[in-house]
Enquirer: 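Here it is, the structure, as structure tokens.
In what follows, residues are counted from 1 in the order of the sequence shown.
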Amino acid sequence: MSARALMVLGTASHVGKSILTAALCRIFANEGVHVAPFKAQNMSLNSAATPDGREIGRAQALQAEACRIPASVDMNPVLIKPSSDTGSQIVLLGRVWGQVTAADYHKRRVEKLFPAVLESYQRLASQHDLIILEGAGSPAEINLMAHDIVNLRMAEAAGAACLLVGDIDRGGVFASLLGTLELLDSRQRALIRGYAINKFRGDVSLLRPGIDMMEPRLKIPCAGIIPCLHNLGLDEEDGVAVEDRRDATRVWNLALESVDRPLRVAVVALPHMSNFTDFDPLAAEPSVALAYVTRSEELEHADVIVLPGSKQTVDDLEWLERAGLASFLLERQKPTVGICGGFQMLGTRIDDPAGIENGGQPGGREGLGLLPIRTVLNAEKVTRAVTGKVLCGHVFGQTLQIPEFRGYEIHVGETVYAEGAERFAAIGAKPDGAVSADGRVVGTYSHGIFDDDAFRHSFVHAARAASGLAPARGLAFVAAEREARLDRLAAHVRAALDIELIRSWIDPVRSGI
């Protein structure tokens, strides 16, 4: 393993490890270092397609972007996609490896995967000067530590110096830092070279006494205090971030009813919602107010309803019925978009003869019947980047000025079209999605179509017109701004961290890194 290595660990989930890793990737990339990200094992329902059609965690795709290199399956060799409270789908090297329970995975299966993880790391390390590794959750989960392949065991294998990150925004940061170190043995503690405090708000001088008091207890230096960075506009780290997403009561101003008001987009927050980052670019549009909803009374005020992707499509379809949202969709028939699993739900039926989503037991159920298609789930997962064109040239009865789009597919299932069904788009010679007879409901398998600025602007223009709203007065250029956002993040973190201290951990001799 030739590359130098730095690992970002956290005192808990959602302390900012993924974003901080992306920042460090961009900091060193800006210095001309050939750097790459690595996360041995990622648990997330947010995934991305690599250029060669494999599946990795969305956070690692962002980190590769920060490094200015293509995403590779070696950057995230094991992806765990939860399907229930106790079971998950395991994606190994970008392909489905199997469905396991949590107990079986941690007690037996994980050891079978670790050699493949090390091989992926070795390939990356042989091709780059520096690898920035990301841990998962906490490295001090003592009940799981014996079979933990993503934190200190991986750090030791890579010879990585570790930076421990705590989140002060949620309180208890000093206790979490000290408690993490106290639960490690002396060999493990030696891997952690310093710590950083993330998401700080307020006067840093008020925090300094705590830093001074902790120094003799922690026996490692503080590498920096990182202020909270607002309106970053980059992908959230993992599924836990859904908890912090916008809800209708905070986002929609129901008292505002002029034609210039924002378009109210309601994304149904399915229990097993996947790839919710699909909607971040829409939320960034100044003429759109996007909220995540779970109740039919919230849908009442929406202009456009979106059914997102789902890891457990049949289960989430049943939840729609129990929550009363299915009957609302059928009765009101507002402009509706289904993406991937959401598209499948809009059809007449979903069949799962091989039990892909049901532990090997055959299953299925009737769909919402709003699109003239039915779906048969199968074992083979389609994963690919796509370029498509909307065949009908419109959404919700309104013309799309730019019908072309780019995105990616990650799904299981084959769609069967009823006779005369109108296809939504074409991806090469292959049809994609469907459109209802009245044009009010559309569906597609393509994730990421709203990342495309030109297509998103066309969609917003058409959706506003269909809702009786005036044209958008301003537009967001998310794709064009993404590089600037990454550089803004890197500059923010560089100003807060002692990069020279971190550099000395990576290599106290060589000056090239």
Enquirer: List the steps and the verdict of side-chain contact (heavy atoms from CB on, under 4.5 Å) for Y121 and L133.
Expert: CA-CA 10 Å; Y121 184 82; L133 299 88; 3.9 Å; yes
Enquirer: For residues P281 and D451, report the shortest heavy-atom separation together with the two atoms involved.
Expert: CG-OD1, 3.1 Å
Enquirer: In Å, rounded to the nearest 0.5 Å, how long is the span from CG of L124 to CD1 of I69?
Expert: 7.5 Å
Enquirer: Identify the two heavy atoms, one from L497 and one from G224, that lie closest to each other, and give their separation to 0.1 Å.
Expert: CD2-CA, 3.9 Å
Enquirer: So among E31, E65, E483, which one has a salt bridge (Lys or Arg N to Asp or Glu O under 4.0 Å) with R26?
Expert: E483
Enquirer: Where do V412 and Q344 come nearest, in terms of heavy atoms and distance?
Expert: O-NE2, 3.1 Å
Enquirer: Of all the heavy-atom pairs spanning T383 and A49, show the shortest one and how long it is.
Expert: CG2-CB, 3.9 Å
Enquirer: With side-chain contact (heavy atoms from CB on, under 4.5 Å) as the test, would you mind laying out the steps for D278 and H447 before giving the verdict?
Expert: CA-CA 6 Å; D278 280 348; H447 292 284; 2.7 Å; yes
Enquirer: Between R54 and L93 (side chain of the first, backbone of the second, donor and acceptor by atom type, cut-off under 3.5 Å), is there such a pair?
Expert: yes
Enquirer: Evaluate the ring planes of H128 and H34, with Trp represented by its six-membered ring, and classify them as parallel (under 30°), tilted (30 to 60°) or perpendicular (over 60°).
Expert: tilted
Enquirer: Can you measure from CZ (R95) to CD (E55) and round to the nearest 0.5 angstrom?
Expert: 9.5 Å
Enquirer: Is there a side-chain contact (heavy atoms from CB on, under 4.5 Å) between R68 and N30? Walk through the geometry before answering.
Expert: CA-CA 9 Å; R68 300 191 179 91; N30 282 344; 2.9 Å; yes
Enquirer: Under a 3.5 Å distance rule, please check whether Y408 uses its side chain to pair with a backbone N or O of T50 as donor and acceptor.
Expert: no
Enquirer: Look at atom CD of E404 and say whether more than 12 heavy atoms of other residues, nucleotides or ligands are closer to it than 6.0 Å.
Expert: yes
Enquirer: Just how far is it from atom CG of D432 to atom CG of L391, taken to the nearest 0.5 Å?
Expert: 9.0 Å
Enquirer: Any non-hydrogen side-chain atom of S47 less than 4.5 Å from a side-chain atom of L79?
Expert: yes
Enquirer: Given the rule in the side-chain contact (heavy atoms from CB on, under 4.5 Å) test, do L317 and T313 qualify, once you have shown the distances and angles that lead to the verdict?
Expert: CA-CA 6 Å; L317 184 54; T313 311; 5.6 Å; no
Enquirer: Counting heavy atoms not belonging to R406, are there more than 12 under 6.0 Å from its CZ?
Expert: no
Enquirer: Could you check if a side-chain atom of V306 sits within less than 4.5 angstrom of a side-chain atom of T336, using non-hydrogen atoms only?
Expert: no
Enquirer: Nearest 0.5 Å please: distance from the CG atom of L118 over to the CG atom of L113.
Expert: 11.0 Å
Enquirer: Is the shortest heavy-atom distance from the side chain of D453 to the side chain of L475 under 4.5 Å?
Expert: no
Enquirer: Verify whether one side chain among R58 and N76 offers a donor that lies under 3.5 Å from an acceptor in the other.
Expert: no
Enquirer: Tell me, do Q60 and T21 make a side-chain contact under 4.5 Å, heavy atoms counted?
Expert: no
Enquirer: Where is the tightest heavy-atom contact between P70 and P51, given as atom of each residue plus distance?
Expert: CB-CG, 4.3 Å
Enquirer: Look at the side chain of D169 and the backbone N and O of N198, then say whether any donor-acceptor pair between them is shorter than 3.5 Å.
Expert: no
Enquirer: Can you confirm whether L501 sits close enough to R193 that some side-chain heavy atom of one is under 4.5 Å from a side-chain heavy atom of the other?
Expert: no
Enquirer: Under a 4.5 Å cut-off applied to non-hydrogen side-chain atoms, are L400 and F455 in contact?
Expert: yes
Enquirer: Identify which one of E156, M154, K39, K17 satisfies the side-chain contact (heavy atoms from CB on, under 4.5 Å) criterion when paired with M7.
Expert: M154
Enquirer: Atom OG of S310 and atom CE of M345: how far apart are they, to the nearest 0.5 Å?
Expert: 4.5 Å
Enquirer: So which heavy atom on A155 is nearest to which on L191, and how close?
Expert: CB-CD1, 4.5 Å
Enquirer: Sub-3.5 Å donor-acceptor pair from the side chain of H457 to the main-chain atoms of A476, do we have one?
Expert: yes
Enquirer: My understanding is that only one of D280, I339, T277 makes a side-chain contact (heavy atoms from CB on, under 4.5 Å) with F450; could you say which?
Expert: I339
Enquirer: Check this for me, if you would: do R503 and E500 make a salt bridge, where the nitrogen-to-carboxylate-oxygen distance has to be below 4.0 angstrom?
Expert: yes
Enquirer: Between CG of L320 and CG of L307, what distance do you get to the nearest 0.5 Å?
Expert: 6.0 Å
Enquirer: Would you check if F343 and T415 make a side-chain contact, meaning some heavy-atom pair closer than 4.5 Å?
Expert: yes
Enquirer: Do F279 and V265 come within less than 4.5 Å of each other through their side chains, counting heavy atoms only?
Expert: no
Enquirer: Please determine which of V15, I197, L177 meets the side-chain contact (heavy atoms from CB on, under 4.5 Å) test together with I168.
Expert: I197
Enquirer: Report the C-alpha separation of D452 and K389 in whole Å, then their side-chain angles, then the decisive distance to 0.1 Å, and conclude whether the salt bridge (charged side-chain N to carboxylate O under 4.0 Å, His left out) test is met.
Expert: CA-CA 12 Å; D452 187 314; K389 181 177 181 178; over 6 Å; no
Enquirer: Tell me whether the rings of F405 and F424 are parallel (<30°), tilted (30 to 60°) or perpendicular (>60°).
Expert: parallel
